[in-house]
Amino acid sequence: MSRRGKKAAQGAPETRAARPTVTVCRGCCCGTAAKVPRLDHEAQLTDLRTSLAGVAMVRRADCLDACERANVIVVQPSAEGRKAGGRPVWLGQVNDPGAAADITAWVNDGGPGLVDPPDVLDLYTFTPSRRVRHELED
């Protein structure tokens, strides 16, 4: 067993890879008042980080190359969720607090692969190009 495996077996804290990852686009279009003027972009990111502290890693990305769907958030499954068949879920036009709250509740419940997203998130879900998906997973 590897050193890392031994630590996990001994009850060491979960690593970040074991938790879901929430990537929030904050580049050229997403996260700008020019593109989405009625949203406090920094407050949205802060709220996600606060609400998901200890549950998911929340990271900021410069551009996810889906500018026509600003603001974009991608929820990647935990290791357990991926083993259960979960795949990254791309959400676009996440421009109101209710949508962010629905994402937070879903991730808190387990996220992709472990819990179905609330039906309302179907309104935001989209499939980006294969090239864009591949770049996020690298």
Side-chain angles (χ1 to χ4, degrees):
M1 180 180 295
S2 72
R3 184 179 296 163
R4 186 175 183 166
K6 282 183 181 178
K7 285 185 179 183
Q10 294 171 356
E14 251 186 326
T15 63
R16 287 185 177 184
R19 301 183 294 173
T21 300
V22 177
T23 304
V24 182
C25 188
R26 285 294 179 262
C28 61
C29 294
C30 295
T32 65
K35 183 83 173 200
V36 184
R38 293 180 300 268
L39 179 68
D40 184 339
H41 302 278
E42 286 305 312
Q44 183 187 55
L45 182 59
T46 299
D47 289 347
L48 285 166
R49 285 183 169 152
T50 301
S51 300
L52 295 172
V55 175
M57 181 174 77
V58 178
R59 64 184 183 172
R60 170 190 226 131
D62 284 338
C63 186
L64 294 175
D65 202 17
C67 300
E68 70 281 1
R69 297 185 186 268
N71 286 323
V72 174
I73 295 176
V74 181
V75 181
Q76 294 173 275
S78 64
E80 183 182 2
R82 189 166 286 280
K83 285 179 188 174
R87 295 294 173 256
V89 176
W90 288 69
L91 303 156
Q93 298 173 323
V94 183
N95 300 326
D96 64 79
D102 290 330
I103 293 167
T104 297
W106 174 46
V107 173
N108 272 312
D109 288 344
L114 300 179
V115 178
D116 288 336
D119 290 341
V120 70
L121 290 183
D122 289 347
L123 299 171
Y124 302 93
T125 304
F126 72 99
T127 303
S129 71
R130 198 172 326 158
R131 178 189 56 80
V132 171
R133 286 191 316 260
H134 179 71
E135 287 176 9
L136 179 66
E137 292 175 1
D138 286 345

>> Testing the basics here: between Thr23 and Ala61, what is the closest heavy-atom pair and its distance to 0.1 Å?
In response: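 So the minimum-distance heavy-atom pair works out to CG2-CB, 3.7 Å.
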Test of understanding: clusters of I, L, V, M, F, W, Y form through side-chain heavy atoms closer than 4.5 Å, transitively. Do [X] and [Y] belong to the same one?
X: Phe126; Y: Val120; value: no
X: Val55; Y: Leu114; value: yes
X: Val72; Y: Leu39; value: no
X: Val89; Y: Leu121; value: yes

Could you tell me if the side chain of [Y] sits less than 4.5 Å from the side chain of [X], heavy atoms only?
X: Leu48; Y: Ile73; answer: yes
X: Pro77; Y: Pro20; answer: no
X: Ser78; Y: Met57; answer: no

Working to the nearest 0.5 Å, report the span between [atom1] of [X] and [atom2] of [Y].
X: Ile103; Y: Asn108; atom1: CD1; atom2: CG; value: 12.0 Å
X: Arg87; Y: Gln76; atom1: CZ; atom2: CD; value: 11.5 Å
X: Leu52; Y: Thr104; atom1: CG; atom2: OG1; value: 4.5 Å
X: Tyr124; Y: Asp102; atom1: OH; atom2: CG; value: 7.0 Å
X: His41; Y: Asn95; atom1: NE2; atom2: CG; value: 7.5 Å
X: Leu91; Y: Arg69; atom1: CG; atom2: CZ; value: 10.5 Å

Quick one: does any side-chain atom of [X] pair with a main-chain N or O of [Y] as donor and acceptor, under 3.5 Å?
X: Gln44; Y: Val94; result: yes
X: Asp62; Y: Gly27; result: no
X: Thr50; Y: Asp47; result: no
X: Trp106; Y: Val115; result: yes

> Yes or no on side-chain contact (heavy atoms from CB on, under 4.5 Å) for Val24 and Arg60, after CA distance, side-chain angles and deciding distance?
Replying inline: CA-CA 5 Å; Val24 182; Arg60 170 190 226 131; 5.6 Å; no
>> Taking CG in Asp119 as the centre, count heavy atoms belonging to other residues, nucleotides or ligands within less than 6.0 Å. Is the count above 12?
In response: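 12 or below, so no.
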>> Looking at Asp96, I want to see if its CG is surrounded by more than 12 non-hydrogen atoms of other residues, nucleotides or ligands under 6.0 Å.
In response: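 Buried by this count: over 12 neighbours within 6.0 Å.
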> Hey, mind stepping through Cys30 and Leu64 against side-chain contact (heavy atoms from CB on, under 4.5 Å) and telling me if it holds?
Replying inline: CA-CA 9 Å; Cys30 295; Leu64 294 175; over 6 Å; no
